[in-house]
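So the structure is just underneath, and the comments pick up after that.
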Amino acid sequence: MHLGKVMVVFGTRPEAIKMAPVIKELKKVEDIQTIVAVTAQHRDMLDQVLSLFKIVPDYDLNLMQKQQDLYTITTGVLNGLRDILVKEKPDLVLVHGDTSTTFVAALASFYERIPVGHVEAGLRTRNKYSPFPEEMNRSLTGRLAELHFAPTDTARENLLAEAVAAFKIWVTGNTVIDALLDTVRTDYVFPSDFPRLDFDRRLILVTTHRRENWGDRMRDIYEALLELTDEFEDIEVVFPVHKNPIVKDLALKMLGGRERFHLIEPLDYEPFANLMRKVHLILTDSGGLQEEAPSLGKPVLVLRDTTERPEAVKAGTVKLVGTNRQAIVREARLLLQDQSEYEKMAMAINPYGDGKAAQRIVNVIMDFLYVRIGSNNKI
Ligand code: UD1
Ligand code: UDP
């Protein structure tokens with residue numbers, strides 16, 4: 001029995017990593033026709049993930065421009081998706097998380113009166129400008145969505161507080177854990193062209209990209225890294241630099257060519273995830289790393305003032321330190337000097353999922369499509 005057509009839309013690296021397990025599960029269901037449309041808000045960083053998970057998009061808007069801004073992404077996604085939605089008329093559009101692709105794909109679907117399923121729904125900081133524009137992207141997507149796949153109970157509570165009906169919310173776990181468990185292996189061998197890192201030394205993994213950190217805040221973060229490598233001679237920094245020129249130019253200017261700094265291109269997800277398992281400490285402003293690192297038992301210092309992922313902070317494996325240079329140095333120093341403080345944070349915990357989130361999501365989608373057929377396509 002043909003249940004219907006589901007269109008999965010995404011555009012950036014983290015969305016692709018977290019949607020890959022959902023696409024894999026959807027494709028196992030013969031009664032569902034699955035269509036993948038990428039906006040390519042990211043290009044190379046997206047393609048790295050598509051090739052790892054062997055995803056061949058049915059549509060590719062190829063939107064990325066070197067100097068894109070929020071206006072060009074927004075209008076590009078909206079105009080680009082219109083004809084695809086009109087032609088394909090999917091029964092459900094699935095979007096992920098909080099990027100501009102996410103929100104605008106949900107908006108375009110609404111304009112076509114197509115129901116939206118929101119994967120990783122309900123994350124909130126309650127600060128409109130932090131992270132920017134993600135907090136508003138995910139809130140607005142939540143207003144537009146019909147099905148809300150909340151990764152945790154906290155996310156569910158956030159949605160209930162916004163008067164989303166309880167029967168439209170499912171707590172599924174986060175699909176990033178599905179992707180991670182599929183990718184990290186104890187016998188993993190790094191590829192021959194992998195940067196030469198000394199795994200006997202204490203490696204600090206760094207990633208940065210958040211818009212609200214651009215400029216002085218990012219300068220402060222990089223100065224803190226310089227101070228830390230001056231103070232601790234046995235540490236090395238491994239920093240896969242985001243492709244965004246605003247991030248890349250400053251990182252190269254301040255840290256490029258320095259001793260014990262490995263500034264490298266963004267890594268494919270497989271070596272990156274396996275590298276996380278081998279490092280001593282993680283400093284990041286990324287969202288995804290806050291979910292992955294706790295399950296690998298790696299302490300994370302979050303270079304932001306707010307987090308929409310409070311679960312690991314509560315459990316003690318993630319600490320919110322902000323972007324102040326002294327604060328970063330103080331918190332990192334504590335972990336580098338004091339073994340008991342380090343061990344307190346280095347516990348493997350799994351508040352974000354058990355690796356079966358995608359299965360749960362697809363079960364809900366099957367029920368939704370089935371009921372929709374019965375109710376004559378009304379939503
Ligand atoms: C975007 C998302 C952010 C998400 C992040 C994940 C928005 C507004 N921002 O931020 O929510 O957390 O992705 O990384 O949706 N670039 C490349 N190649 C790539 C990717 C990016 O060259 O593969 C460069 C381009 O010059 C591009 C720039 O990075 O113009 C910025 O990309 P954009 O998607 O606008 O913003 P991000 O900071 O990556
Ligand atoms: N990641 C990767 N290669 C890298 C850096 C990060 O594959 O060089 C992965 C990481 O494991 C996580 C995701 O990319 O799953 C996070 O992406 P990013 O920090 O760009 O976005 P955010 O999660 O902050 O939206």
Side-chain angles (χ1 to χ4, degrees), residues 10-21 38-53 62-74 76-77 95-105 120 123 131-138 141 174-180 182-184 194-195 205-214 218 238-249 262-277 279 282-293 295-296 298 300 302-304 307-309 352:
F10 54 95
T12 66
R13 169 175 69 191
E15 290 164 79
I17 291 168
K18 291 166 163 184
M19 276 304 207
V38 298
T39 63
Q41 172 181 335
H42 282 177
R43 185 69 276 170
D44 11 3
M45 285 161 59
L46 174 75
D47 291 342
Q48 287 180 315
V49 185
L50 295 178
S51 95
L52 172 67
F53 291 106
N62 197 21
L63 284 183
M64 198 195 83
Q65 296 166 27
K66 275 265 166 275
Q67 304 294 337
Q68 68 198 15
D69 61 20
L70 296 177
Y71 298 89
T72 50
I73 305 168
T74 301
V77 174
V95 297
H96 180 279
D98 53 22
T99 70
S100 292
T101 287
T102 313
F103 160 55
V104 183
E120 199 181 82
L123 276 61
F132 174 85
E134 290 83 4
E135 175 71 3
M136 200 37 74
N137 281 343
R138 59 194 171 217
T141 305
N174 198 310
T175 57
V176 78
I177 304 298
D178 303 25
L180 190 74
D182 228 18
T183 309
V184 171
F194 192 76
L205 176 63
V206 176
T207 75
T208 59
H209 73 79
R210 294 246 85 83
R211 263 185 164 69
E212 65 275 13
N213 283 348
W214 289 355
M218 220 162 257
V238 49
F239 183 177
V241 183
H242 194 287
K243 287 269 184 191
N244 191 327
I246 294 170
V247 176
K248 191 172 180 174
D249 293 352
H262 304 269
L263 266 59
I264 55 179
E265 290 292 323
L267 288 168
D268 286 355
Y269 185 58
E270 197 175 32
F272 185 81
N274 283 282
L275 175 63
M276 267 192 287
R277 204 178 70 79
V279 300
I282 298 176
L283 269 61
T284 188
D285 63 9
S286 159
L289 266 75
Q290 295 176 57
E291 295 154 345
E292 294 163 328
S295 78
L296 299 171
K298 298 298 168 181
V300 181
V302 179
L303 308 170
R304 296 169 49 179
T307 184
E308 57 293 277
R309 294 165 168 94
Y352 297 111

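Both backbone and side-chain heavy atoms feed into the values below; hydrogens, waters and symmetry mates do not. Numbering of ligands and ligand atoms starts at 1, following listing order.
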Legend entry - Salt-bridge contact E265-K243 (side-chain N to carboxylate O under 4.0 Å): yes
Inset, instruction - Locate the shortest heavy-atom distance separating L70 from S100; write the atom from each residue and the value. - result: CD2-OG, 3.9 Å
Inset, instruction - If the plane angle is over 60° it's perpendicular, under 30° parallel, otherwise tilted; pick one for F53 and Y269. - result: tilted
Legend entry - CA sep, side-chain torsions, deciding dist, call: T284, T207, side-chain hydrogen bond (donor to acceptor under 3.5 Å, both in side chains): CA-CA 5 Å; T284 188; T207 75; 2.6 Å; yes
Legend entry - Donor-acceptor contact present, side-chain T72 to main-chain Q68, <3.5 Å: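 Absent.
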Legend entry - D268 side chain vs E270 backbone, donor-acceptor pair below 3.5 Å: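 Not a single qualifying donor-acceptor pair exists.
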Legend entry - Close-range residues for ligand 2, whose non-hydrogen atoms fall below the 4.0 Å threshold: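 Lining ligand 2 at under 4.0 Å, by heavy atoms, one finds R13, P14, I17, H209, R210, P240, P266, L267, Y269, F272, M276, S286, G287, G288, L289, E292.
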Do [X] and [Y] come close enough that some side-chain heavy atom pair is under 4.5 Å?
X	Y	value
K18	E120	yes
R138	H96	no
T175	I17	no

Give one line per pair: atom of ligand 1, protein atom, distance. Only N/O to N/O under 3.5 Å.
{"unit_1": "ligand 1", "atom_1": "11 (O)", "unit_2": "E134", "atom_2": "OE2", "d": "2.5"}
{"unit_1": "ligand 1", "atom_1": "12 (O)", "unit_2": "R210", "atom_2": "NH2", "d": "3.2"}
{"unit_1": "ligand 1", "atom_1": "13 (O)", "unit_2": "H42", "atom_2": "NE2", "d": "3.1"}
{"unit_1": "ligand 1", "atom_1": "14 (O)", "unit_2": "H242", "atom_2": "NE2", "d": "3.1"}
{"unit_1": "ligand 1", "atom_1": "15 (O)", "unit_2": "Q41", "atom_2": "NE2", "d": "2.8"}
{"unit_1": "ligand 1", "atom_1": "15 (O)", "unit_2": "S100", "atom_2": "N", "d": "2.8"}
{"unit_1": "ligand 1", "atom_1": "18 (N)", "unit_2": "D44", "atom_2": "OD1", "d": "2.9"}
{"unit_1": "ligand 1", "atom_1": "22 (O)", "unit_2": "K66", "atom_2": "NZ", "d": "3.4"}
{"unit_1": "ligand 1", "atom_1": "23 (O)", "unit_2": "R43", "atom_2": "N", "d": "3.2"}
{"unit_1": "ligand 1", "atom_1": "23 (O)", "unit_2": "D44", "atom_2": "N", "d": "3.1"}
{"unit_1": "ligand 1", "atom_1": "23 (O)", "unit_2": "D44", "atom_2": "OD1", "d": "2.9"}
{"unit_1": "ligand 1", "atom_1": "23 (O)", "unit_2": "M45", "atom_2": "N", "d": "2.8"}
{"unit_1": "ligand 1", "atom_1": "26 (O)", "unit_2": "K66", "atom_2": "O", "d": "2.7"}
{"unit_1": "ligand 1", "atom_1": "30 (O)", "unit_2": "Q65", "atom_2": "O", "d": "2.7"}
{"unit_1": "ligand 1", "atom_1": "30 (O)", "unit_2": "K66", "atom_2": "O", "d": "3.1"}
{"unit_1": "ligand 1", "atom_1": "32 (O)", "unit_2": "Q68", "atom_2": "NE2", "d": "3.2"}
{"unit_1": "ligand 1", "atom_1": "34 (O)", "unit_2": "Q41", "atom_2": "NE2", "d": "3.0"}
{"unit_1": "ligand 1", "atom_1": "34 (O)", "unit_2": "H42", "atom_2": "NE2", "d": "3.3"}
{"unit_1": "ligand 1", "atom_1": "34 (O)", "unit_2": "Q68", "atom_2": "NE2", "d": "3.2"}
{"unit_1": "ligand 1", "atom_1": "35 (O)", "unit_2": "Q68", "atom_2": "NE2", "d": "2.8"}
{"unit_1": "ligand 1", "atom_1": "38 (O)", "unit_2": "N244", "atom_2": "ND2", "d": "3.3"}
{"unit_1": "ligand 1", "atom_1": "39 (O)", "unit_2": "H42", "atom_2": "NE2", "d": "2.7"}
{"unit_1": "ligand 1", "atom_1": "39 (O)", "unit_2": "H242", "atom_2": "NE2", "d": "3.2"}

